[in-house]
A.B. asks: 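Below is a structure I'd like to ask you about.
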Number of protein chains: 2
Amino acid sequence: MSDSALIDAARDFNRFYTNFLGVLNKAYLDTQFTLTDARVLFEVGSQERVSAVALVRDLHLDPAYLSRILKRFKAEGLMETTPDPDDRRSQIISVTDQGRQQFQDLVRRSNAQIAGRFDKLAAGEPQNVVAAMKTIRSLLDPEAALPPLVIRPHRSGDIGWIVESQAKFYSEEYGWDMRFEGLIAEVAGRFLTNFDPAMEYGWIAERGGINIGSVLMTNGGDGIAKLRLLYIDKSARGLGLGKTLVDECIRFARAKGYRQISLWTNDILSTARTIYVKAGFQLVSEEKHRMFGPELNGQTWVLDL
Amino acid sequence: MSDSALIDAARDFNRFYTNFLGVLNKAYLDTQFTLTDARVLFEVGSQERVSAVALVRDLHLDPAYLSRILKRFKAEGLMETTPDPDDRRSQIISVTDQGRQQFQDLVRRSNAQIAGRFDKLAAGEPQNVVAAMKTIRSLLDPEAALPPLVIRPHRSGDIGWIVESQAKFYSEEYGWDMRFEGLIAEVAGRFLTNFDPAMEYGWIAERGGINIGSVLMTNGGDGIAKLRLLYIDKSARGLGLGKTLVDECIRFARAKGYRQISLWTNDILSTARTIYVKAGFQLVSEEKHRMFGPELNGQTWVLDL
DNA sequence: ACAATTTAGTTGACTCAGTCAATCAATTGA
DNA sequence: TCAATTGATTGACTGAGTCAACTAAATTGT
């Protein structure tokens, strides 16, 4: 695509999104607030403590205008200002309890608008929209902080996600065929059907509502815990997430009194192998196989606890 | 729910992009036009011939306001209107040569703003931004023509998708627990590991690269074909896609010489049942069970071919 | 140290972008 | 054929947002 085609496409998108936001922002029109009021309330409400200059800068407002808005908000008891001790010209703005309620009401209205849009989409499409938004944001706004990475237990849909994302990845990257997907679907399915909450666990790493990594720990009997289906999405590699998940597993296995962790992998997955080696795993056996199409070196690694 | 994390992320993006567009739209402030003027000129300029109603609808303008804007543009010689021959109340708006020059000037200013942003990015990044924009647009713009619905054989990742989407749906809608996900993961996994291309098949319905429906046909032995994991995503219901997929199955089973199709479902899934009844399936047995948490009525249906 | 300059915020005065209600004219529907 | 609906215009209004002038505190340069 040529530069000018890119720019045209971006202009076109901006035109579309201007209209789109215009519709979404109708949500505020039912309230006492103007769009600018709402933006100020949003900014102060979500940051808790802001200076007026920062608001002027971030929201591109006229200082005079902001001054009047704040005066009104203070009169209505929604916000309060305290002089900045470091610079007595400046003031720190924060919301009162009442202001916080109004803020949360705005958030609810805004959420309802977005949820209404998302409801019309197919399952999975909202994830795609949000992922695309994050791409745009991270590129156009280098200051943007990534939403926090959360590690949580697995829930409905996660196992399917593990199967889908791993199958796609290994198929595209290494040409593994669908027998691989079949195998992990069976493994993951058995994990759920025989799930023993006392001795087993599934970890999902997610960021901003999007799954980006997983690992399962299953009971192999004889005091051996099996580490299975470790996977880190492309977008989250190089952050040490693999290590974090493996460490979680080890901690869990120790806590549950397992005497050994065992795992099966293939030698071409060198990043994973590095993680296992660093965690102290030892290679105990290796065999060539063609379970998934191309010839591979299957490896079994164990860690004595 | 992770839905709420998605919505939060979307709200956050909208907040960011409102500011971003605010900055970009400064480009118009150097001209004689207001933002709304510019939007009208953009819309008319790029569509050549539009009706006033269409503008009001697409740009969400007050008809009175648009009327005044057009009056001014006509007085300035930027636009002209001709009555619509089909409806003499209505008028067709188009730009004059002079209007087109102004429009192109706006395009240049807007492009310069975007180019300024893109210049700060690394090589390849603008492409990523624009690709993400297209993703968002295609999903959020209801006017955008729907890409065609395609029914194709299953491939890597599809089985995982089936598990994920069904697990999420039945968990949210009917409160089924993760044993359901485990069961379908095992069923779907065995489908792949024992796959017999001569007698079995998986159909995936997809639109614009996104899966929206599925059904599998497996060999149950004794000349019996099993229809499994029929699923239509929310976004594609009511289009007869379920019937289409079941018909595909029946055609396939006939062609392969099966003597009967059998399937297992639960009575609360009434839409699916309607499809089976219409296709000629007969209920042969029914039993209560609690395999997935809530009490359900499992049903076996068969169709003699 | 201290005048000169810059920065944070406020106030007065204004205007024009955008809204609402009423009206006319053409079309549709029962 | 007559009532209801839809497209477009006009009159009357208002309040969101702007601009310039000002105060007060902080910073800079010599």
Side-chain angles (χ1 to χ4, degrees), chain A residues 18-19 21-23 25-26 28-44 49-76 78-94 106, chain B residues 18-19 21-23 25-26 28-44 49-76 78-94 106:
Chain A
T18 300
N19 291 339
L21 287 173
V23 177
N25 289 337
K26 287 251 165 66
Y28 308 133
L29 296 185
D30 297 339
T31 68
Q32 55 176 312
F33 302 112
T34 67
L35 175 56
T36 310
D37 285 352
R39 290 173 65 211
V40 171
L41 191 47
F42 252 110
E43 202 66 22
V44 179
R49 296 169 61 76
V50 224
S51 71
V53 240
L55 279 182
V56 164
R57 177 173 25 82
D58 295 346
L59 302 181
H60 310 102
L61 296 179
D62 182 314
Y65 186 25
L66 176 63
S67 175
R68 278 178 234 279
I69 290 175
L70 289 178
K71 196 180 186 183
R72 206 176 65 239
F73 279 173
K74 279 192 277 187
E76 289 169 356
L78 301 181
M79 292 188 181
E80 51 198 11
T81 59
T82 53
D84 182 341
D86 296 339
D87 182 345
R88 290 191 350 270
R89 291 171 308 177
S90 186
Q91 53 182 278
I92 308 286
I93 306 158
S94 56
L106 282 189
Chain B
T18 300
N19 291 339
L21 286 174
V23 176
N25 289 337
K26 286 252 166 67
Y28 307 134
L29 296 185
D30 297 338
T31 68
Q32 53 177 309
F33 302 113
T34 67
L35 175 56
T36 312
D37 285 352
R39 290 173 66 211
V40 170
L41 190 48
F42 253 111
E43 201 68 22
V44 179
R49 296 169 61 74
V50 224
S51 71
V53 240
L55 279 181
V56 165
R57 178 175 23 84
D58 294 346
L59 302 180
H60 310 102
L61 296 178
D62 182 315
Y65 186 26
L66 176 63
S67 175
R68 279 179 234 278
I69 292 174
L70 289 177
K71 196 180 185 182
R72 204 176 67 239
F73 280 173
K74 280 192 277 187
E76 288 170 357
L78 302 180
M79 292 188 182
E80 51 197 10
T81 59
T82 53
D84 183 340
D86 296 338
D87 182 344
R88 290 187 354 266
R89 289 172 309 181
S90 185
Q91 53 181 273
I92 309 284
I93 306 157
S94 56
L106 281 188

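Naming convention: chains lettered A, B, ... in sequence-line order (proteins, then strands); numbering from 1 in each chain.
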A.B. asks: Got A:T81 and A:I92 here, is their nearest side-chain heavy-atom distance under 4.5 Å?
C.D. replies: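 The answer is no, as the side chains (C-beta and beyond) never meet within the 4.5 Å cut-off.
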A.B. asks: Is there side-chain contact between A:M79 and A:L70, with heavy atoms separated by less than 4.5 Å?
C.D. replies: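 Yes - at least one pair of side-chain heavy atoms lies under 4.5 Å apart.
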A.B. asks: Taking the minimum atom-to-atom distance to the side chain of A:S90, which one of C:dG9, D:dA8, C:dT11 wins?
C.D. replies: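 Between C:dG9, D:dA8, C:dT11, the one nearest the side chain of A:S90 would be C:dG9.
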A.B. asks: I'd like to know if A:R89 and A:D84 make a salt bridge, using a cut-off of under 4.0 Å between side-chain N and carboxylate O.
C.D. replies: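 A salt bridge is absent here (no side-chain N lies under 4.0 Å from a carboxylate O).
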A.B. asks: Can you check whether B:R39 reaches A:T18 side chain to side chain, under 4.5 Å on heavy atoms?
C.D. replies: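 Yes; the side chains approach each other to less than 4.5 Å.
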A.B. asks: Got a list of protein N/O to nucleotides 27-30 of chain C N/O distances below 3.5 Å?
C.D. replies:
| residue | atom | partner | partner atom | Å |
| --- | --- | --- | --- | --- |
| C:dT27 | OP1 | B:R88 | N | 3.0 |

A.B. asks: Can you work out whether A:R68 or B:A52 has the more 5'-proximal nearest nucleotide on DNA chain D?
C.D. replies: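 Upstream on the strand: B:A52.
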A.B. asks: With rounding to the nearest 0.5 angstrom, report the OG1 to CG distance, A:T31 to A:D37.
C.D. replies: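 Going from OG1 on A:T31 over to CG on A:D37, the span is 8.0 Å.
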A.B. asks: Have a look at A:T36 and say if it touches a base, only the backbone sugar-phosphate, or nothing, with a 4.0 Å heavy-atom cut-off.
C.D. replies: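 Answer is sugar-phosphate: A:T36 comes under 4.0 Å of backbone atoms only.
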A.B. asks: In Å and rounded to the nearest 0.5 Å, what is the OG to CZ distance from B:S67 to B:R72?
C.D. replies: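 That separation rounds to 11.5 Å.
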A.B. asks: Under 4.0 Å between a side-chain N or O of A:K71 and OP1 or OP2 of C:dT11?
C.D. replies: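 Checking C:dT11 against A:K71, a side-chain N or O does come within under 4.0 Å of OP1 or OP2.
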A.B. asks: Between C:dA17, D:dA8, C:dT10, which one does the side chain of B:T34 approach most closely?
C.D. replies: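 So the nucleotide nearest the side chain must be C:dA17.
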A.B. asks: Among D:dG7, C:dA8, D:dT10, which nucleotide sits nearest the side chain of A:V53?
C.D. replies: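 Among D:dG7, C:dA8, D:dT10, the one nearest the side chain of A:V53 is C:dA8.
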